Undergrad: 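Here's a structure for you.
By convention here, the first residue in the shown sequence is residue 1. Quantities reported herein were computed from a predicted structural model and do not represent experimental measurements.
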Amino acid sequence: MKIRVGDYLIEKITEQTGAFPFGALYPAHRSEMSDTFAAEPAAVSIHSWVVRSGEHLVVIDTATGNGRNRDNKPLFHQLNTPYADNLTHADVDPAAVTLVLMTHIHTDHVGWNTHWHKGQWQPMFPNARYICSAKELKQCQQDPALQELYHDSILPLIENGQLETIDVENSPLFAGALRYIATPGHSIDHASIVLENGGKSAIFAGDVMHHPVQFEHPHWNSLFCEDLPLAIASRKQVIDWCRQHQAIWFSSHFHSSSYGHVARDGQWIPLED
């Protein structure tokens with residue numbers, strides 16, 4: 001299903017779905033849950049968003065990627081998903097993609113930056129500019145735990161001259177209508193991406209939230225969040241921004257309906273996938 005925001009058409013490309021018990025996804029807040037709720041599965045999705053307008057064909061976040069060594073973590077390690085086929089079914093030619101925007105450098109957002117081709121990791125989108133935070137790149141390069149990710153999903157872009165870094169707090173405009181806003185906390189320099197065109201607004205919120213339950217409990221941080229106070233502040237910032245702009249929220253991990261509106265009282269109003 002394609003969603004229109006002004007002159008831009010947006011479509012979800014799913015890689016995989018899964019679930020965590022709520023108590024495991026939000027472990028710091030287990031005491032606020034009943035035993036029954038804590039055991040219930042929180043369904044999640046890992047996907048990209050494709051944004052099209054005129055000569056622009058943009059991919060926002062690139063999911064996890066196949067064939068990666070990721071410490072035997074089931075959602076990430078040595079996957080074999082039909083993501084590339086899903087791109088084809090959506091009429092996305094990787095060679096036609098002009099821009100790849102990363103909200104942050106975590107394994108489930110950068111994997112399909114590259115694919116295994118002719119015996120090496122090569123850019124999945126050979127003609128695209130890839131954009132990420134300069135601060136996130138520096139951390140990725142220096143963190144020993146991220147070296148596998150760096151070498152299979154980031155370094156090939158650098159070697160091919162396709163990676164560009166930015167200061168997300170002073171973002172340029174991309175594809176005529178997209179710009180970064182700083183929403184740190186989940187990661188060191190996590191950023192959301194705003195789309196404004198034709199009097200309409202949207203935000204690709206990355207991992208500001210993992211599940212709609214956080215609209216009811218915006219102080220809940222997932223087990224993946226790094227700076228907890230900053231993550232809470234960013235979550236409230238994006239909720240307020242959506243309310244003020246009557247914007248569509250495009251999530252990175254909501255299952256079923258992955259996009260929707262925020263009501264004036266802060267409640268989530270999903271739209272149909």
Undergrad: Testing the basics here: between V208 and S234, what is the closest heavy-atom pair and its distance to 0.1 Å?
TA: CG1-O, 4.2 Å

Undergrad: To the nearest 0.5 Å, what is the distance between OH on Y8 and NE2 on H56?
TA: 5.0 Å

Undergrad: Roughly how far, to the nearest 0.5 Å, is the CE atom of M209 from the NE2 atom of H217?
TA: 11.0 Å

Undergrad: How are the rings of W49 and H47 set to each other: parallel, tilted or perpendicular (split at 30° and 60°)?
TA: perpendicular

Undergrad: Taking side-chain contact (heavy atoms from CB on, under 4.5 Å) as the definition, give me every residue that meets it alongside N66, ordered by chain and number, with sequence neighbours left out.
TA: L79, N80, T81, W112

Undergrad: With a 4.5 Å heavy-atom cut-off, do N113 and Q162 have their side chains touching?
TA: no

Undergrad: Give me the ring orientation class for W249 and F254: parallel if the planes are under 30° apart, tilted from 30 to 60°, perpendicular past 60°.
TA: parallel

Undergrad: Please examine the side chains of E136 and I188, heavy atoms only from C-beta on, and report whether any two atoms are closer than 4.5 Å.
TA: yes

Undergrad: Indicate the ring-plane relationship of H115 and H117, choosing parallel, tilted or perpendicular according to the 30° and 60° boundaries.
TA: parallel

Undergrad: Could you measure the distance from the CG atom of N160 to the CG atom of L155? Nearest 0.5 Å is fine.
TA: 11.0 Å

Undergrad: Could you tell me if the side chain of I46 sits less than 4.5 Å from the side chain of F76, heavy atoms only?
TA: yes

Undergrad: For a side-chain contact (heavy atoms from CB on, under 4.5 Å) check, start with the C-alpha distance between F174 and Y180, then their side-chain angles and the critical distance, and finish with the verdict.
TA: CA-CA 9 Å; F174 295 101; Y180 283 88; 3.9 Å; yes

Undergrad: First locate atom CG of D61, then atom NE2 of H106, and finally report the distance between them rounded to the nearest 0.5 Å.
TA: 11.0 Å

Undergrad: Knowing that exactly one of L99, V100, V168, L178 qualifies, which makes a side chain to side chain contact (heavy atoms under 4.5 Å, CB included) with I131?
TA: L99

Undergrad: From Q267 CD over to R243 CZ, what is the distance, rounded to the nearest 0.5 angstrom?
TA: 10.0 Å

Undergrad: Which heavy atom of S48 sits nearest to which heavy atom of A63, and what is that distance?
TA: OG-N, 4.0 Å

Undergrad: Tell me, with the steps shown, if S187 and I105 meet side-chain contact (heavy atoms from CB on, under 4.5 Å).
TA: CA-CA 8 Å; S187 66; I105 301 179; over 6 Å; no

Undergrad: Could you walk me through whether H29 and H219 pass the ring-ring contact (aromatic ring centres under 6.0 Å, His included) check?
TA: CA-CA 9 Å; H29 308 282; H219 63 290; 5.5 Å; yes

Undergrad: Quick one: do Y150 and L137 satisfy side-chain contact (heavy atoms from CB on, under 4.5 Å)? Show the steps, please.
TA: CA-CA 9 Å; Y150 175 68; L137 176 61; 4.2 Å; yes

Undergrad: Can the ring centres of H210 and F224 be said to be less than 6.0 Å apart?
TA: yes

Undergrad: Going through the checks in order, is the side-chain hydrogen bond (donor to acceptor under 3.5 Å, both in side chains) test met by E226 and H104?
TA: CA-CA 12 Å; E226 297 176 6; H104 61 298; over 6 Å; no

Undergrad: Of the options D207, T64, T62, which is the one that meets H109 in a side-chain hydrogen bond (donor to acceptor under 3.5 Å, both in side chains)?
TA: D207

Undergrad: Do the ring planes of F22 and H211 sit parallel (below 30°), tilted (30 to 60°) or perpendicular (above 60°)?
TA: perpendicular

Undergrad: State whether a side-chain donor-acceptor pair under 3.5 Å links S53 with D7.
TA: no

Undergrad: State whether R30 and D35 are salt-bridged, where the test is any N-O pair (Lys NZ or Arg NE/NH1/NH2 against Asp/Glu carboxylate O) under 4.0 Å.
TA: yes

Undergrad: Rounded to the nearest 0.5 Å, what separation is found between the CG atom of L157 and the SG atom of C132?
TA: 8.5 Å

Undergrad: With heavy-atom distances below 4.5 Å as the criterion, would you say the side chains of V194 and H245 are in contact?
TA: no

Undergrad: In this structure, which one of F250, W268, F204 forms a ring pair (Phe, Tyr, Trp, His ring centres under 6.0 Å) with Y259?
TA: F250

